[in-house]
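Okay, structure first, notes after.
Heavy atoms only: backbone and side chains are in, while hydrogens, waters and symmetry mates are out.
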Amino acid sequence: MDLALLRTFVTVHRAGSFTRAAALLGLSQPAVTSQIRTLERQVGRPLFLRQARGVTPTTIGDELAHKAAPHLDALVEIAESGLEEDSSLRTLHLAGPPEFTAERALPALTELTGEDGQGFALRASFGTADEVLEGLAAGHHDLAISTVRPRGALLTATALCDEEHVLVAAPHRAEQIGAGTLRRTGPAALERVPVVEVHESLPFVARYWASVFDSRPVCPGTVIVPDLRAVLACATAGAGLAVLPRYLVAGALERGEVVALHEPAVPPLRTYFLAVRTGTLAMPHIARAHEWLERAAADWC
């Protein structure tokens, strides 16, 4: 079986589209379509079901991808790293949410980028959970940190750590609200307090309200900025209340720049997952980074 056909097939399987696979491979869409048809003739069964938007693998397609993808990834790794003992460091491509990746993952992994013969070069990119998992499946990343557990057989995920969320505001905002009032009235005391969030849908506040108060927030979104570190800066400046990960806000709490408005008996948690393409942990630099992050995460919980 032609390895070029298998490479095209795996790329289509990961991309979920002939068009996206063609862009990734640097081929025309008709060329990709022709290669898939050739492979289907060789296999004697359809590998994809064509739909209005992209393609869906058949059972045979999923089985073939599960068997072939790890070996193709290993061949690509050999080709990229070369066979010489003095070849340059292998490159690890990591993707994840900007704040967690910057504050947690990258500082841990930089210890592995030395020139001890086992280190690697490190490249990082940021994105949403869906973006980083899609990029991982398409072969753009080696490791992905996500708050969503991936589905399917092509990606394998390990629970990395749980993130506790804290409801905070600047001290003068807390005085206006009154901690005792909040304990008595619950979220009603916060209805007129502006909110600092990462999106108009108020994802962090909505999750906190649902988990702690069993209700929906009615607070207005005053400042919307797509970075939790900027959310913290705005909350510290007094723009409004915010729900933030404890790891990110711990220093500001200790310095008194913000205060916790509520300390529920069971705080809301969000789980981070460390995902790889199935089979790629056979590659030493990916396996080492994966293990290192798991060890580091034991101190993050």
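- Inter-residue side-chain proximity for Leu112 and Arg288 is flagged as met; some heavy-atom pair is nearer than 4.5 Å.
- In the model, Thr19 has a side-chain atom that pairs as donor or acceptor with a side-chain atom of Gln29 under 3.5 Å.
- One hydrophobic cluster, built from ILVMFWY side chains closer than 4.5 Å, cannot hold both Leu49 and Leu39; they sit in different ones.
- Of all non-hydrogen atoms in Ser201 and Ala206, the two that sit nearest each other are O-CB, 4.4 Å.
- Hydrophobic clustering, with ILVMFWY side chains joined whenever heavy atoms are under 4.5 angstrom apart, keeps Leu269 apart from Tyr208.
- If you chain together hydrophobic residues whose side chains sit under 4.5 Å apart, Phe213 and Val168 fall into the same group.
- Remark: side-chain polar atoms of Thr110 are paired, donor with acceptor, to backbone N or O of Pro107 under 3.5 angstrom.
- Note on Glu163 versus Arg270: salt bridge recorded, some NZ/NE/NH1/NH2 to OD/OE distance being below 4.0 Å.
- Taking SG of Cys161 as the start and CG of Leu274 as the end, the distance is 10.0 Å to the nearest 0.5 Å.
- Within a 6.0 Å sphere centred on CZ of Arg50, heavy atoms belonging to other residues, nucleotides or ligands number more than 12.
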Dump the intermediate steps for side-chain contact (heavy atoms from CB on, under 4.5 Å) on Leu293 and Leu109, then the final yes or no. CA-CA 7 Å; Leu293 284 175; Leu109 288 178; 3.8 Å; yes
Please walk me through it: do Thr38 and Arg41 pass side chain to side chain donor-acceptor pair (under 3.5 Å)? CA-CA 5 Å; Thr38 300; Arg41 285 196 297 271; 3.2 Å; yes
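- The line from CG of Leu202 to CZ of Arg216 is 12.5 Å long, rounded to the nearest 0.5 Å.
- How far CD1 of Ile36 is from OG1 of Thr33: 8.0 Å, rounded to the nearest 0.5 Å.
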Worked verdict on Leu47 versus Leu64 for side-chain contact (heavy atoms from CB on, under 4.5 Å): CA-CA 9 Å; Leu47 299 173; Leu64 179 59; 4.2 Å; yes
Verdict with supporting geometry, Arg20 and Glu134, salt bridge (Lys or Arg N to Asp or Glu O under 4.0 Å): CA-CA 11 Å; Arg20 279 183 287 178; Glu134 182 178 343; 2.8 Å; yes
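- Side-chain contact between Val32 and Val12 is present, with at least one heavy-atom pair separated by less than 4.5 Å.
- Shown here for Thr278 and Pro70, the closest heavy-atom pair between the two residues is O-CG, 3.1 Å.
- In this structure, the side chain of Arg90 does not engage the main chain of Met283 through any donor-acceptor pair within 3.5 Å.
- Between Thr147 and Thr271 there is no side-chain heavy-atom pair separated by less than 4.5 Å.
- Of all the heavy atoms in Val132 and Ala144, the pair that sits closest is O-CB, 3.9 Å.
- Here Phe126 contributes atom CZ and Ile145 contributes atom CD1; the two are 10.0 Å apart, rounded to the nearest 0.5 Å.
- Annotation: Phe204 is not in aromatic contact with His199 [ring centroid separation under 6.0 Å not met].
- Between Val198 and Asp227 the shortest side-chain heavy-atom distance does not fall below 4.5 Å.
- The local environment of CZ in Arg149 is crowded, with over 12 non-hydrogen atoms from other residues, nucleotides or ligands closer than 6.0 Å.
- In this structure, Ser125 and His141 approach most closely via the heavy-atom pair OG-CE1, 3.2 Å.
- The shortest distance between side-chain heavy atoms of Trp300 and Asp162 does not fall below 4.5 Å.
- Residue Glu200 qualifies as open at atom CD: its count of foreign heavy atoms under 6.0 Å is 12 or below.
- Annotation for His66: atom NE2 does not count as buried by contact number, only 12 or fewer foreign heavy atoms lying within 6.0 Å.
- With salt bridges taken as basic N to acidic carboxylate O contacts below 4.0 Å, none links Glu254 and Arg246.
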Kindly indicate, with the supporting measurements, whether the criterion salt bridge (Lys or Arg N to Asp or Glu O under 4.0 Å) is fulfilled by Arg207 and Glu197. CA-CA 12 Å; Arg207 188 182 300 114; Glu197 257 282 13; over 6 Å; no
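- Transitive grouping of hydrophobic side chains (ILVMFWY, heavy atoms separated by less than 4.5 Å) keeps Ile286 and Phe273 in distinct clusters.
- Counting heavy atoms from C-beta on, the side chains of Val43 and Glu40 never come closer than 4.5 Å.
- In terms of modelled atom types and a separation under 3.5 Å, the side chain of Trp292 and the main chain of Ala108 share a donor-acceptor contact.
- Counting heavy-atom neighbours within 6.0 Å of Arg229 CZ, excluding the residue itself, gives a total above 12.
- Taking the six-membered ring where tryptophan is involved, the planes of Phe48 and His13 are tilted, since the angle between them lies from 30° to 60°.
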When you look at Val166 and Val258, which way does the side-chain contact (heavy atoms from CB on, under 4.5 Å) test go after all the steps? CA-CA 11 Å; Val166 188; Val258 294; over 6 Å; no
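- For the pair Thr158/His290, a side-chain contact is recorded, criterion being any heavy-atom separation below 4.5 Å from C-beta on.
- Phe100 and Tyr247 have perpendicular rings, their planes meeting at more than 60° on a 0 to 90° scale where under 30° would count as parallel.
- Under the 4.5 Å side-chain criterion, counting only non-hydrogen atoms from C-beta, Leu92 is in contact with Leu143.
- Without hydrogens or angle criteria, Thr280 side chain to Val276 main chain gives no donor-acceptor distance under 3.5 Å.
- With respect to Leu190, the side chain to side chain contact (heavy atoms under 4.5 Å, CB included) criterion is satisfied by exactly one of Val218, Leu167, Val205, Val195: Leu167.
- Under a hydrophobic-cluster definition in which Ile, Leu, Val, Met, Phe, Trp and Tyr are linked whenever side-chain heavy atoms come within less than 4.5 Å, directly or via other members, Leu155 and Val55 are assigned to different clusters.
- Rounding to the nearest 0.5 angstrom, the gap separating the OG1 atom in Thr11 from the CD atom in Gln35 is 9.5 Å.
- Pairing each heavy atom of Ala170 with each of Gly238, the nearest pair is CB-CA, 3.9 Å.
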Between Asp62 and Thr58, is the side-chain contact (heavy atoms from CB on, under 4.5 Å) condition met? List the steps. CA-CA 6 Å; Asp62 270 334; Thr58 62; over 6 Å; no
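- Here CG of Leu6 is found 10.5 Å from NE2 of His71. Values are rounded to the nearest 0.5 Å.
- Side-chain N or O atoms of Arg14 include none that pairs as donor or acceptor with a backbone N or O of Ala138 at under 3.5 Å.
- The minimum heavy-atom distance between Cys234 and Val223, with the atom names listed, is SG-CG1, 3.9 Å.
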